[in-house]
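What's counted below: heavy atoms across the whole structure, side chains too, no hydrogens, waters or symmetry copies.
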Amino acid sequence: MVTRREIEDRVMQEWGELATAWGVSPVLGRIHGLLLLNGDPMTADDICDRLQISRASASVQLNAILDWGLARRLFVPGDRRQYYQADQDHWSWFRRAAVVRKSREFDPILERIGQALAAAREAAPTDPELAALTERLAGLPGFVSEFFRGVSLVLDVDEALLRALLQVSPEEEAALRALLRSSISGAPEAVRRGTAGAPPSP
């Protein structure tokens, strides 16, 4: 018969693989997985013993976990040790982690692409090759910006509404998509461009 420890090991291993897909250390993923599965606060020593990792490695990854908003640090009166407890509200910690990653990685990329486009436009009048490159590059910042805005909309939407949307049946989803397409195709140009309701220009 499978044991609790074996199940925990399986889940922590997969959580570590998922962390790798997010571009972070698999050790961070395993620690976060352990904290999620344990539920109760754990000390760094508890984590090191369970995962068979060094104290130095645990310290680095626990600081990263706190920085990402995946867990919190707790102090117990009369106990000098620090305890760590994962946020058990999955949508809550996922949103915080996604916001951190967007601000640290996605936003700087968008800014640098914009800087590259500006530099290409400045040099384009005297360089035919750069003129052609500028034309191809011009649409990229807009696309990336729209993609990131879509991510932000998902992160900002009310959790109750998001849960309701995720729980709709395939039939309801198809009907909702059809309704949205119909409203967009029949909407005035100002609405499609997101300018409806804007104050008139002076």
Electrostatic pair Lys102:Asp107 at N-O distance under 4.0 angstrom: yes
Electrostatic pair Arg4-Glu8, nearest N-O below 4.0 angstrom: yes
Among Arg50, Arg81, Arg55, side chain to side chain donor-acceptor pair (under 3.5 Å) partner for Asp45: Arg55
More than 12 foreign heavy atoms under 6.0 Å from [atom1] of [X]: is that the case here?
X: Gln115; atom1: CD; value: yes
X: Glu129; atom1: CD; value: no
X: Arg73; atom1: CZ; value: yes

Step-by-step side-chain contact (heavy atoms from CB on, under 4.5 Å) determination, Val11 to Leu36: CA-CA 10 Å; Val11 174; Leu36 283 174; over 6 Å; no
Atom pair [atom1]/[atom2] of [X] and [Y] - distance to nearest 0.5 Å:
X: Leu130; Y: Glu122; atom1: CG; atom2: CD; answer: 11.0 Å
X: Asn38; Y: Gln88; atom1: CG; atom2: CD; answer: 9.0 Å
X: Glu17; Y: Arg30; atom1: CD; atom2: CZ; answer: 10.5 Å
X: Ile53; Y: Ile47; atom1: CD1; atom2: CD1; answer: 7.5 Å
X: Trp93; Y: Leu35; atom1: CH2; atom2: CG; answer: 11.5 Å
X: Ile31; Y: Ser57; atom1: CD1; atom2: OG; answer: 6.0 Å

Do [X] and [Y] share a hydrophobic cluster, counting only Ile, Leu, Val, Met, Phe, Trp and Tyr and linking them when any side-chain heavy atoms are less than 4.5 Å apart?
X: Leu51; Y: Leu37; answer: yes
X: Val100; Y: Val24; answer: yes
X: Leu62; Y: Leu74; answer: no
X: Tyr83; Y: Trp68; answer: no
X: Val27; Y: Val60; answer: no

Beyond-backbone contact of [X] with [Y], side-chain heavy atoms, under 4.5 angstrom:
X: Glu6; Y: Asp9; answer: no
X: Arg96; Y: Ser92; answer: yes
X: Gln61; Y: Ser25; answer: yes

With Phe147 via ring-ring contact (aromatic ring centres under 6.0 Å, His included) - residues at least two apart: none
Test log, rule side-chain contact (heavy atoms from CB on, under 4.5 Å), inputs Leu34 and Met42: CA-CA 9 Å; Leu34 174 62; Met42 299 181 70; 3.8 Å; yes
Exam field: side chain Asp67 to backbone Ala64, donor-acceptor pair closer than 3.5 Å: no
Polar side-chain atom of Glu172 near backbone of Ser169 as donor-acceptor pair, under 3.5 Å: yes
side-chain contact (heavy atoms from CB on, under 4.5 Å) assessment of Leu117 paired with Thr134: CA-CA 7 Å; Leu117 175 59; Thr134 300; 4.1 Å; yes
Polar side chain donor-acceptor pair, Gln82 to Tyr84, under 3.5 angstrom: yes
List the atom of [X], the atom of [Y], and the distance in Å for their closest heavy-atom pair.
X: Gly29; Y: Ala19; answer: CA-CB, 3.6 Å
X: Ser103; Y: Pro108; answer: O-CD, 3.4 Å
X: Ala124; Y: Ala131; answer: CB-CA, 3.8 Å
X: Gly39; Y: Gln85; answer: O-NE2, 2.9 Å
X: Pro141; Y: Ile113; answer: CG-CG2, 3.6 Å

Geometric class of the His32/Trp15 ring pair [parallel <30°, tilted 30-60°, perpendicular >60°]: tilted
